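Note sheet for the following structure.
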Number of protein chains: 2
Amino acid sequence: MLTEVIIMLTERQLLILQVIIDDFIESAHPVGSRAISKKDDIPYSAATIRNEMADLEDMGFLEKTHSSSGRVPSEKGYRYYVDHLISPSILHEDGDVIKHIVNDGFFEFEQIVQMSAEVLSQLTNYTSIILGPEIFETKLKQLQIITLSSNTAVAILVTNTGHVEHRSFTIPTEINPSDLEKLVNILNNQLSGVPIIQLADKFNTEIVSMLNQYVSDIGKSYQYLNEVLFHEHPVKLYIGGKANMLMQPEFNDVDKIRSFYSMIENEDKIAHLLKQSNGGIKVSIGQENDVDAIKDFSLITAAYHLGEGQMGTIALLGPTRMEYRRVISLLNILSHEMTDALYMWYKNNG
Amino acid sequence: MLTEVIIMLTERQLLILQVIIDDFIESAHPVGSRAISKKDDIPYSAATIRNEMADLEDMGFLEKTHSSSGRVPSEKGYRYYVDHLISPSILHEDGDVIKHIVNDGFFEFEQIVQMSAEVLSQLTNYTSIILGPEIFETKLKQLQIITLSSNTAVAILVTNTGHVEHRSFTIPTEINPSDLEKLVNILNNQLSGVPIIQLADKFNTEIVSMLNQYVSDIGKSYQYLNEVLFHEHPVKLYIGGKANMLMQPEFNDVDKIRSFYSMIENEDKIAHLLKQSNGGIKVSIGQENDVDAIKDFSLITAAYHLGEGQMGTIALLGPTRMEYRRVISLLNILSHEMTDALYMWYKNNG
DNA sequence: TGTTAGCACTCATCCCTCTCGAGTGCTAAT
DNA sequence: ATTAGCACTCGAGAGGGATGAGTGCTAACA
């Protein structure tokens, strides 16, 4: 796509395109010329509309489902609609609901995230996905190792944001259980305040030698320890309203439901999708999506931030016939609210 | 149901009933007399089968979907089948898979539970639900309170089974943050080893006065603390394979799928259902279920134990046309394996 | 020249009917 | 007691209008 011919649409074409897409988004039925001409703000006859519709179809913004059907927006049509026809309005009812949730009393950040995912889905009847918060900026607050038996223990990491990770493990035979306490002390002294993302590195470079010096010779088990303590903290994915989506008329087909569910259960792939987001609001319509499994859907992603480091991604997955205007407004509000909430957190706990 | 007339079936009727149900469970299609008479172990003609089928229908074990259709088991038929016609066979392939998972290396118990739910569902294409482990016998290993800022903190409870619970909270103004450490020490001294279920009580009766004595006057905030630390630890519910169930031909109808999902998302209700289970394997077929939402389904529950105290429930939810024989065998194996695994845990960590 | 009325045409959807086949129940013969 | 035979029932699926919402095109109009 080196050259993209810029197609100029007349005012009237813009108006008609917009009305058609608005109508289809609401009704999910192909839109006919007569229905358009009857609308209040359309002073043209059905025949005129038909001519314009034919032109819009030639330009690729509209499609027919069969030769004598009404028109349906093409993906290119949606793209144009999203890029040029929707003014980023703020819908206040939705905004209030969201602000209420994000700011209501004291919650763990993760609770806020979870509730947001839930509400986002209920407001829209699409499936909401929230990734993160990513851990670029979160720092280790404290590390605990609690022994359960002679050879098992559970390690607990607490971050400055109140996030808690834990993992059980068997204590390597090289390590004398009685040394565990010393080990934890050293780790806490050296690693407290260190960004989570740097823990594994710092452990390898600075801590290991220190451990060998002050604790018994931990030998090869340092790698195991590193693994247990600092590696592969799974990215948390909050998916809200897998079932709400079934309300959409697009899912009046059993096979579609099946393929949707087998897709949505594959959390890894979803997480991968969202990770590509790099800030701002991004709309991927149908085939624009990189992943085959959602080429029938639209995915709207928004990032929420903390200072420099990006923290996570909020997304809504729905049919290409999506309420783009409302969804974009919603994600805008929510990402700002979450960013604000995070900022407050940081100010208090950083 | 004060009196239940005991109906005697002839050997032949038993055989025919069994074959019909087996066939229907496998095929999901109404079973006709000719198909039965053609089976190897059936030496009777189709006409004979028809006569017997008519009798079995009169007795309520079979039904027709319409006047000239083949027969389908009634719920009473399934009940009889489950009670009298299936010998509790152990299916070794399944058994091996399960043993492998439950005993494979060192895992947190919760990981085992989660994986079991997943595998159970994949083996059967039904939806698996695992409740618990209930906390009757688990004891507090250690309590931690980690302050995040001047007025927020996160409380972490670790049990002897390696289970970790955590909750963020605001520090009540009555409590001097510098006293928190003392508070935690007292709590750990007094409560370590106490069964989780008794924590709240013990806190109210024994600890509060002690705290007032040794720490600053915590006043009315003791109730808040109790709430934060010990109350309402939500029962964990692991649901596996919500989507697998869609493979069942019973779900070839969009509305059924919708109602299934809106039911399964209501975790509270499900948890309530499973809590009624009191040991052994229990089969609830269709209308036998107390909850309306699953009167079209069968629910098989099995408890897993630890010593005296029941620990949790494993269940499979499927259509009434369920592979009862296999499912019962599976749950049997799994409940024993989990019970054994728990026992080992206890021996090591009790 | 842009707009509109009119008309022939297309196609999905609904409904009706017909056929086919898998099943039954009943009766009479073995 | 069992079975072969037969008439009957009913669901599923195919075929065939009728309906109606939609189109494209043409010719008339301002």
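Residue numbering restarts at 1 for every chain, and letters A, B, ... go by the order of the sequence lines. This one's a predicted model, so the numbers in the text were calculated from it and none came from an experiment.
- We find that CD of B:E52 is positioned 11 Å from P of D:dA1, with the value rounded to whole Å.
- If you take CG of B:N51 and P of D:dA1, they are 11 Å apart, rounded to a whole angstrom.
- Across the protein-nucleic acid pair, A:Y44 atom OH and C:dG2 atom P stand 13 Å apart, rounded to whole Å.
- Salt bridge absent: B:K256 and B:D296 never bring a charged side-chain N and a carboxylate O closer than 4.0 Å.
- Between atom CD of residue A:Q13 and atom CE of residue A:M8 there is a gap of 10.0 Å, rounded to the nearest 0.5 Å.
- In the set D:dT2, D:dT3, C:dT4, D:dT3 carries the atom at the smallest distance from any side-chain atom of B:S45.
- Residue A:T48 has a polar side-chain atom (N or O) positioned under 4.0 Å from OP1 or OP2 of C:dT4.
- Of the possible donor and acceptor atoms, none in the side chain of A:T320 sits under 3.5 Å from a partner among the backbone N and O of A:I285.
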Would you tabulate the nitrogen or oxygen pairs shorter than 3.5 Å linking the protein to nucleotides 11-13 of chain C?
unit_1	atom_1	unit_2	atom_2	d
C:dC11	OP1	A:S67	OG	3.1
C:dC11	O4'	A:S68	OG	3.3
C:dC11	O3'	A:H66	ND1	3.3

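- The distance from the CD1 atom of B:I294 to the CD atom of B:Q287 is 11.0 Å, given to the nearest 0.5 Å.
- What separates CD1 of B:I49 from P of C:dA22 is a distance of 18 Å, to the nearest Å.
- Checking the phosphate oxygens (OP1, OP2) of C:dG23, no side-chain nitrogen or oxygen of B:R71 falls inside 4.0 Å.
- Looking at B:Y80, B:F24, B:Y81, B:Y78 one by one, the single match for ring-ring contact (aromatic ring centres under 6.0 Å, His included) with B:F61 turns out to be B:Y80.
- Listed candidates were D:dT23, D:dT3, D:dG24. Nearest to the side chain of A:A54 is D:dG24.
- Listed pair B:K64 / D:dG11 fails the phosphate criterion, with no side-chain N or O lying under 4.0 Å from OP1 or OP2.
- A donor N or O paired with an acceptor N or O is found under 3.5 Å between the base of C:dG6 and the side-chain atoms of A:R50.
- Distance, B:F24 CZ to C:dG23 P: 13 Å, rounded to whole Å.
- Here the P atom of nucleotide C:dG23 and the CD atom of B:E63 are 18 Å apart, to the nearest Å.
- Nearer the 5' end of DNA chain D, as judged by each residue's closest nucleotide, is the contact made by B:R12, out of A:G70 and B:R12.
- Between A:I36 atom CD1 and D:dG22 atom C1' the separation is 13 Å, expressed in whole Å.
- One can place CE of B:M53 at 9 Å from C1' of C:dT24, the figure rounded to the nearest angstrom.
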Side chain to side chain contact (heavy atoms under 4.5 Å, CB included) assessment of A:I129 paired with A:L237 = CA-CA 7 Å; A:I129 307 165; A:L237 203 61; 3.9 Å; yes
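- To the nearest 0.5 angstrom, A:S45 atom OG is 13.0 Å from A:I36 atom CD1.
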